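The first residue in the sequence is number 1, and the count goes up from there. These figures come from a predicted structure and were not determined experimentally.
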Amino acid sequence: DCTETPQFETMAEATPTPAAASSTSTSSKPRMPKNLAETLEMATQIKEEGNTLFKQEEYKKAAGTYKKIFLYINGLESKADTKKEFCLQEDVSTQQPTQSDIEVLELRAATHLNLAACYLKLNDNSKALENVQKALQIKPNNTKGLFRRAQVYLNTGDLDRADADLQVLLQQNPSDKATLDAMNRL
């Protein structure tokens, strides 16, 4: 039946192996998440670890930490997304996302944006662009995403694309200093 409301299911390969679990556990064996809420909580804790490393200018370590988040959230699939592959005659995209759908997508987008920021700091424009594009697929008009993509385009000399993203940002917030500074680099 292709009309069910999307729900999340935790697939067997979504549960991280003990070696992949966060190293911040206080017991000798890492604690495995038991449900979706716990999985999101653990992934969010890893995100905070990455944020701390980023603030300490440990960009390579921060990127590695952010990547661990995907060990937790890549196995979480919306049933509606899965059904799109099999229910070509019905439009399941009109179903409303659940709160779980939204939380996972928000975390996925934030993780890609954080990775893009790391790669920009490491001068790896290719990986920065790859991650920012993935974030913008989830949240097309995300301010950080558009700005980071414009930074990549400025770094690579693609001034027309940089200008297009910066123009969108200026429409959203005409007085944003970072956007105005980036416009001056054109």
Between D163 and Q167, a side-chain donor and acceptor under 3.5 Å: yes
From L146, L169, N173, residue fulfilling side-chain contact (heavy atoms from CB on, under 4.5 Å) relative to T179: L169
Transitive ILVMFWY side-chain link L53 to F70, under 4.5 Å: no
L115 with I69, same ILVMFWY side-chain cluster at under 4.5 Å: yes
From N51 atom CG to Q56 atom CD, the distance as rounded to the nearest 0.5 Å: 11.0 Å
Path from L113 to L40 over hydrophobic side-chain contacts below 4.5 Å: no
Partner residues of T143 under the side-chain hydrogen bond (donor to acceptor under 3.5 Å, both in side chains) criterion, sequence neighbours left out: Q172
Heavy-atom side-chain proximity of Y119 to Y59 below 4.5 angstrom: no
D101 side chain to T98 backbone, donor-acceptor under 3.5 Å: yes
Stepwise side chain to side chain contact (heavy atoms under 4.5 Å, CB included) check, Y153 with D165: CA-CA 9 Å; Y153 290 150; D165 282 345; 3.6 Å; yes
Ionic contact status for E49 with K68, cut-off 4.0 Å: no
Joint hydrophobic cluster, F54 plus L120, side-chain heavy atoms closer than 4.5 Å: no
Path from V104 to Y72 over hydrophobic side-chain contacts below 4.5 Å: yes
Donor-acceptor contact present, side-chain R108 to main-chain I73, <3.5 Å: yes
Check ion pair D181-K177 (N to O, under 4.0 angstrom): yes
